[in-house]
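To start, the structure under review is shown below, and the notes come after it.
The shown structure was predicted, so the numbers you read here are calculated from the model rather than taken from an experiment. Heavy-atom basis, side chains included; hydrogens, waters and symmetry copies ignored.
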Amino acid sequence: MSDGGHVWWEDAIVYQVYPRSFADADGDGVGDLPGLRSRLGYLADLGVDAIWLTPFYPSPLADGGYDVSDYCAVDPLLGTMADFDALVSSAAAHQIRIIVDLVPNHCSSAHPLFRAALAAAPGSPERARFFFRDGPGNGQGARNGQSGAQPPNNWPSQFGGSAWTRVTEGQWYLHLFDTSQPDWDWRNPDVPALFEDVIRFWLDRGVAGLRVDVAHGIFKDPLLPDLTGPRALNAPSAYRHRPELQPLYRSWRAILDSYPDDGFPGSRTAIGEVWYDVPETLRPYLEPGGLPQVFNFQLILAGWRADEFHAAIDSALAVTGGSRAPWVIGNHDVARPASRYRLDEGFTPQTISRLIAHGDRNADAGARRARAAALVLLALPGSAYIYQGEELGLPEVTDIPDGARQDPRFFRTKGEYPGRDGCRVPLPWSGTGTGFGFSRTGQGSSPAGPWLPQPPDWGRYSVEFQLTDEHSTLNLYRSALRLRRDHPALGPGELRWLGPDAGGLLCFAREPGFILAANLGAAPVPLPAHREVLLTSGPVTGGSLPPDTAAWLCT
Ligand code: NOJ
């Protein structure tokens, strides 16, 4: 839909649903599509424009569904294709669009094409869809002239250990993630053809867009060279930010644009998950005719300091403008903001371990800061994504027993990294009931417990509880989203910084007549001149803004 000359996604509020943890309709302890559908009213009241659904496809669940064994089906644990269609049409009735996850870098080792590759011989067309290689034959372990016992190169898996696994007859296959997630070789013409079909399959079913998993990583240097020297984590490399990506994304954009929405081409979006060290890296992805959008992770990477937030926002805006790189403060891969902001620094792979070591210290500050960060997020120009549970102020669950953990990162690092389960714990909907209302069943049968254990005090974060408290985080989000929808200064557009970030004050104006002021420092700061206070993230009295508090002001 085009509205006044801009496309819906340019200033959309998109709510990320991790389906297994959102709402469980059939009582098996795992969230599902009917559960989500039954809660669309909640999302409509919250005021979101679209839902990004993380993978709900058939999967052995070695990586929370990012190990896909069938790209064009619904995992039976989560529902049926009829449930998906019903979800899309019910969501549309609430003016909510659906964005689905596309996982093009790798599939599951249970995917029929990978099974066929395993069953086929080295050098076969079946193997050519993936990266099967011989290890260098260094003599040690080489069997009768077959492949060597060392992996073909030194690439690490993102989840720990080598990116190569050896198969019985001696070859190795590449997996940038878990062993069970073999990487596709995108230079093989079967692969782009397969994904074109997948993209059309979901667009034909009425989805408004795609979130593209590992969008920076799907092409590899064909020589698969060793990584050498020290390198920044997400800098361009033999498997990151390759120039071959741009023509591919132009071809996808052409497909998206061939599906007008309400007669308006350009309405279907694709948003790339592109991790970077410096926002400049995003520039090629946003060339005309390329991906409509990429994620902007600046607010995840910034520490809780006004100068860091200011620099992070500026550097993203310089490259992307607001609309093409939606803002986020969390997702299913990073520690929850209400806990993360207890530490002053931005997110790194070590953050979750550091939070565990930190114990309960600063818990209140973390909660206050996450509320303030939400007001910053929602005042910025362009679109923003909210990860389920952020609107409830859920903390990271840091004490999941090892035996209950699911994340391959935990297993592949032998526990060195606790993994991402702590931000994926099922949502609490009510103060009581199995899983605090997460699981519902009819006919008196008793539901199973949630697939990841919830903390015993989770009821105080529940939707039911927060709806009755006018100062709750849920009501803060609801008010902010309502104001954002109605205020002419919010949504697309520009911002103008006000003053230096003296004393921790982060402050910008948007026209007409709006100021965001957030105090990321340790002492109260005077509120900027204003006519009216529209909304604050915490108590504000007597013309000064307390630490860890943000205000929306009218001038
Ligand atoms: C990014 C996804 O967000 C994450 O959850 C997943 O583990 C990796 N890509 C691999 O698919």
*Determine, stepwise, if the pair N331 / T54 fulfils side chain to side chain contact (heavy atoms under 4.5 Å, CB included).*
CA-CA 10 Å; N331 62 33; T54 62; over 6 Å; no

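- Looking only at distances, no side-chain donor or acceptor of S180 sits under 3.5 Å from a matching main-chain atom of S108.
- When atom types are taken as modelled, the side chain of W155 and the backbone of P225 share a donor-acceptor pair closer than 3.5 angstrom.
- Outside the 6.0 Å centre-distance limit, the rings of W184 and F219 are not counted as a close aromatic pair.
- With hydrogens and angles left out, the side-chain atoms of T179 and R412 include a donor and acceptor closer than 3.5 Å.
- Evaluation of the salt bridge (charged side-chain N to carboxylate O under 4.0 Å, His left out) rule for D277 yields no partner, not counting sequence neighbours.
- None of H310, E280, Q298 except one satisfies the side chain to side chain donor-acceptor pair (under 3.5 Å) rule with S315; the exception is Q298.
- Note that the OG atom of S109 and the CZ atom of R115 stand 7.5 Å from one another [nearest 0.5 Å].
- Counting only distance, with no hydrogens or angles, the side chain of E126 and the backbone of A116 share no donor-acceptor pair below 3.5 Å.
- Every residue two or more places apart in sequence or in another chain was checked for a salt bridge (charged side-chain N to carboxylate O under 4.0 Å, His left out) with R336, and none qualifies.
- For the atom pair CD (E308) and CG (D344), the distance works out to 9.0 Å, reported to the nearest 0.5 Å.
- In this structure, W304 has its ring center closer than 6.0 angstrom to the ring center of F309.
- For D221 and R240, the salt-bridge test fails: no basic side-chain N is under 4.0 Å from an acidic carboxylate O.
- Salt bridge R97/D49: absent, no basic N to carboxylate O contact under 4.0 Å.
- Between the side chain of R496 and the backbone N or O of R510, no donor-acceptor pair lies under 3.5 Å.
- Partners of D307 under the salt bridge (charged side-chain N to carboxylate O under 4.0 Å, His left out) rule, at least two apart in sequence or in another chain, are R305.
- A donor-acceptor contact closer than 3.5 angstrom is absent between the side chains of Y66 and D178.
- When the ring-ring contact (aromatic ring centres under 6.0 Å, His included) test is applied to Y477, no partner is found at least two apart in sequence or on another chain.
- Only one option out of W52, Y276, W327 pairs with F295 in a ring-ring contact (aromatic ring centres under 6.0 Å, His included); it is W52.
- The distance from atom CG of N296 to atom CG of L317, rounded to the nearest 0.5 Å, is 7.5 Å.
- For the pair R268 (side chain) and V207 (backbone), a donor-acceptor distance under 3.5 Å is present.
- Listed by chain and residue number, R340, F347, T351, I352, L355, E396 satisfy the side chain to side chain contact (heavy atoms under 4.5 Å, CB included) test with A335 (two or more places apart in sequence, or in another chain).
- Taking the six-membered ring wherever Trp is involved, the centroid distance between the rings of H106 and F177 falls below 6.0 Å.
- Residue F84 is tested with F201, Y57, W202 for a ring-ring contact (aromatic ring centres under 6.0 Å, His included); the sole match is W202.
- Remark: the W275 side chain and the E273 side chain contain an N/O donor-acceptor pair separated by less than 3.5 Å.
- In this structure, H175 has its ring center no closer than 6.0 Å to that of F130.
- With sequence neighbours excluded, the residues that form a salt bridge (charged side-chain N to carboxylate O under 4.0 Å, His left out) with D101 are R211.
- Ring-plane geometry between F114 and Y173 is classed as perpendicular, the angle between the planes exceeding 60 degrees on a 0 to 90 degree scale with a lower cut at 30.
- In terms of modelled atom types and a separation under 3.5 Å, the side chain of R405 and the main chain of P418 share a donor-acceptor contact.
- With T413 contributing its side chain and Y417 its backbone, the two residues share a donor-acceptor pair below 3.5 Å.
- In this structure a side-chain-to-backbone donor-acceptor pair under 3.5 Å is present from Y71 to V103.
- Between W186 and F195, the ring center distance clears the sub-6.0 Å criterion.
- Put simply, the side chain of E196 never gets that close to the backbone of A193: no donor and acceptor are under 3.5 Å apart.
- Within the 3.5 Å criterion, the main-chain N or O of G148 finds a donor-acceptor partner in the side chain of W172.
- Within the cation-pi definition used here (under 6.0 Å to the ring centroid, within 45° of the axis), R127 qualifies as a partner of F132.
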